[in-house]
Amino acid sequence: MATAVQADDHIVVEPVSSVATLPERMLVFIPGGKVPNERYVQTAQAIQKAATELRLWVVIPAVFQRLCIISCAAKSVCSPLLGNIDAALALAEKKGWRRGEDMWLAGHSLGGVCANTVMQALAAGVSAMPFSPESALGANSTSASAGIPYAGLIVMGSYVDEDGAYDLTNYPRPVLTLNAELDGGSARPGKTSIWWRQHLSLSKAKGADAALTEKPVVVLPKLNHSDFCPGFDVPGDLLAEVSQAEASSTIGDAVAAFLHVQTSKLPEAVRTKALGHLRAAAVWTGELLGPYLEALALERNSTDVRGSADGASSFCAMGQHLVAGLSSHDDVRLQVKDGYRSSTTDLEHCHPSYAVSGNVLQTQSCSHADYYTDLDNTGSITAASQIACKMLSSARVAQQLNASVAEGISCSKGNQLAVAIAEKLAAPSTLARFKKAGKGWCFDADSPTVGNIGPVWLLRSLSLSENATCMAVSSPVLTTGLDSSIYPGSHYCKFLSPARVLDWMMTDSLKHASSEASVGQIIV
């Protein structure tokens, strides 16, 4: 028998400051999926406590079935959630809140997704439903007859669109993206790197201070996804490494800093201090996510077009040096130029080539990366699921350079290289935590391709299988001899991506067995 979800009431958290001269602000906080809205009161109070220069009101609307997505599945069908928000604001008015000052929209987890949709719905002119006197519609409504009424957006354990008019770079209002280092779901550090990269782009275009003021991206160290909703443990989450009191204070300080820096009425000294807080948080975020972006660049470098207009895979070039099996003395005579192919069809028709110039062998490998499904921004892992590399065999390299080689180097060695690169790149906190508590890797033997048929190899996938002790990885391999009638002297591998290794180190390696805590259980 199905259990009905208990209905929540709209919550109004009145300001903690009684100083009437302080700027008054309203924060509308949309709760996450399946989370009772009362679980956000502590977070709201922490923000109010830290926002010492504001008289900050917070309303936490009740949403149908505790799933805001039901009331706002898309910007064209968001009227019910807008109605809930208006009803919560009407309740705040009865308690003394005055309309007219800046309002801010916030949300955690799925609530952040809904908050982003609300902003888009309001911009499109969607109105709140149902109409009633209590909904406070009319001249003072939060509906979009006059555009977006919110000064900006705060997403916690969540994010805005990946691209388009509502990605971070193009968002029409200021946005704070506030996520956690130990988030076990879709707002994990690897996913957050999408918006960190956009923040870096804004910083380059408009200056660091402007980017921090308008579109900061912050990952909070040692916090998890559940820390934003105290008392509600989100399934699939990692364990936090700080107390809830410290976590709430950290969240409050970050949000308050953003609100302070966005309030032009405040003294310059207050705003400067707030910007300094965001700057320090961004420095740490860069130390965490910078290595991940470096690892992603190994999958495909779109600026290296020497071998293909689609770019090149640095990792495939490394793979060619590896499987060639040359000594360090002879390896300097091997020059590798990779050509990335954007589709498997293009990869199918690309084959490694070579030419000898003096005592140097110039080769060109072919590469392609496959990625996990990310329908409507719902995916968790942004790293490639595999990097496919078509390379020359060690026998071909030995023949052309007239050099001795270590024959039979497996694709598995390339997977070991990926792990070594990831561990070298990893932020200190990531590496230390992984070495202490993370589940490591097992490198299984390569899986030969029946008949060494290229199209068959193309259809196969890198095998990742988590067991009680490790994540086991095995590569599909295809090799042809020098006497082969079809593309002789080839060595094809599907490799583990260093970025995929880093994502594993930061998040899923720290969970228990996959049956207990699998990727994607957190509703975001």
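Here the structure is a predicted model, which means the values were calculated and not measured.
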Output field: ring centroids Phe258/Trp104 closer than 6.0 Å
yes
Is it true that Asn415 and Ser475 share a donor-acceptor pair across their side chains at a distance under 3.5 Å?
yes
Gln386 side chain to Lys494 main-chain N or O, any donor-acceptor pair under 3.5 Å?
no
Is there less than 2.5 Å between the SG of Cys442 and that of Cys470?
yes
Side chains of Lys439 and Asn467 only: does a donor on one sit below 3.5 Å from an acceptor on the other?
no
With a cut-off of under 6.0 Å to the ring centre and 45° to the axis, is Lys215 in cation-pi contact with Tyr171?
no
Restricting to non-hydrogen atoms, name the atom on Ala384 and the atom on Ser497 that form the minimum distance, rounded to 0.1 Å.
O-CB, 3.9 Å
Under 3.5 Å, is there a donor-acceptor pair between the side chain of His225 and the main chain of Gly184?
no
Correct closest heavy-atom pair for Val255 and Met156 would be CG2-CE, 4.2 Å
Rounded to the nearest 0.5 Å, how far does NE2 of His368 lie from OH of Tyr340?
5.5 Å
Testing the basics here: between Leu278 and Leu212, what is the closest heavy-atom pair and its distance to 0.1 Å?
CD1-O, 3.7 Å
Would you check if there is a donor-acceptor pair between the side chains of Ser342 and Asp310 at a distance under 3.5 Å?
yes
Verify whether one side chain among Thr430 and Tyr292 offers a donor that lies under 3.5 Å from an acceptor in the other.
no
How long is the span from the CE atom in Met119 to the SG atom in Cys114, to the nearest 0.5 Å?
14.0 Å
Less than 4.0 angstrom from a charged side-chain N to a carboxylate O is my criterion; do Arg433 and Glu181 meet it?
yes
For the residue pair Ser308 and Arg341, confirm or rule out a side-chain donor-acceptor distance under 3.5 Å.
yes
Return yes if some donor-acceptor pair links the side-chain N/O of Ser465 with the main-chain N/O of Ala472 below 3.5 Å, else return no.
no
Give me the atom names and distance for the closest heavy-atom approach of Cys68 to Pro31.
SG-O, 4.3 Å
Is there a donor-acceptor pair closer than 3.5 Å between any side-chain N or O of Ser248 and the backbone N or O of Ala245?
no
Whether Gln48 side chain and Leu56 backbone form a donor-acceptor pair below 3.5 Å
yes
Tell me, do Leu288 and Ser429 make a side-chain contact under 4.5 Å, heavy atoms counted?
yes
Any non-hydrogen side-chain atom of Met391 less than 4.5 Å from a side-chain atom of His321?
no
Which value, rounded to the nearest 0.5 Å, describes the distance between Leu392 atom CG and Leu334 atom CG?
8.0 Å
Working to the nearest 0.5 angstrom, can you tell me the gap between Asp167 CG and Glu162 CD?
9.5 Å
Nearest 0.5 angstrom please: Leu153 CG to Leu176 CG, how far?
8.5 Å
Quick check: do Tyr492 and Pro352 have side-chain heavy atoms less than 4.5 Å from each other?
yes
Examine the side chains of Ser365 and Gln320 and answer whether a donor and an acceptor come within less than 3.5 Å of each other.
no
In this structure, CG of Asp253 is separated from NE2 of His277 (nearest 0.5 Å) by 5.0 Å
Under 3.5 Å, is there a donor-acceptor pair between the side chain of Asn170 and the main chain of Gly164?
yes
Less than 4.5 Å apart, side chain to side chain, heavy atoms only: is that true for Asn179 and Trp195?
no
Any Ser380 side-chain heavy atom under 4.5 Å of Tyr372 side chain
no
What orientation do Phe29 and Tyr40 show, parallel under 30°, tilted 30 to 60°, or perpendicular over 60°?
tilted
Just wondering, do Gln120 and Asp161 contact through their side chains at under 4.5 Å, heavy atoms?
yes
Assess whether side chain to side chain contact (heavy atoms under 4.5 Å, CB included) is satisfied between Met318 and Leu417, documenting all intermediate values.
CA-CA 9 Å; Met318 295 178 190; Leu417 175 64; 4.2 Å; yes
Determine whether a donor-acceptor pair (N or O, by modelled atom type, separation under 3.5 Å) exists between the side chain of Thr250 and the backbone of Glu246.
yes
Just to verify, what does Ser343 make a side chain to side chain contact (heavy atoms under 4.5 Å, CB included) with, not counting sequence neighbours?
Thr345, Asp346
Looking at Asp209 and Arg279, is any side-chain nitrogen of the basic one under 4.0 Å from a carboxylate oxygen of the acidic one?
yes
Would you check, one step at a time, whether the test side chain to side chain contact (heavy atoms under 4.5 Å, CB included) holds for Val58 with Ile47?
CA-CA 9 Å; Val58 183; Ile47 296 170; 5.9 Å; no
Would you please say whether a donor-acceptor pair under 3.5 Å links the side chains of His351 and Ser490?
no
Under 3.5 Å, side chain of Asp237 to main-chain N/O of Ser226, donor-acceptor pair present?
yes
Heavy-atom side-chain contact between Ser313 and Phe495 under 4.5 Å
no
For residues Ile409 and Gly325, report the shortest heavy-atom separation together with the two atoms involved.
CD1-CA, 3.5 Å
Main chain of His199, side chain of Ser203: is a donor-acceptor contact present, judged purely on distance under 3.5 Å?
no
Whether Ser412 side chain and Ala445 backbone form a donor-acceptor pair below 3.5 Å:
no
State whether Glu348 and Lys390 are salt-bridged, where the test is any N-O pair (Lys NZ or Arg NE/NH1/NH2 against Asp/Glu carboxylate O) under 4.0 Å.
no
Note: Ser109 and Ser158 closest approach over all heavy atoms is O-OG, 3.0 Å
Is the shortest side-chain N to carboxylate O distance from Lys222 to Asp227 below 4.0 Å?
no
Tell me, with the steps shown, if Val501 and Ile421 meet side chain to side chain contact (heavy atoms under 4.5 Å, CB included).
CA-CA 9 Å; Val501 177; Ile421 290 172; over 6 Å; no
Would you mind reporting whether Asp370 and Thr344 have side-chain heavy atoms less than 4.5 Å apart?
yes
Does the distance from Cys411 SG to Cys493 SG come in under 2.5 Å?
yes
Just by distance, with hydrogens left out, do Asp376 and Thr378 show a side-chain donor and acceptor under 3.5 Å apart?
no
Take Gln244 and Gln42, measure what side chain to side chain contact (heavy atoms under 4.5 Å, CB included) needs, and give me the verdict at the end.
CA-CA 10 Å; Gln244 183 60 65; Gln42 182 174 330; 3.7 Å; yes
Check the SG atoms of Cys389 against those of Cys366: under 2.5 Å or not?
no
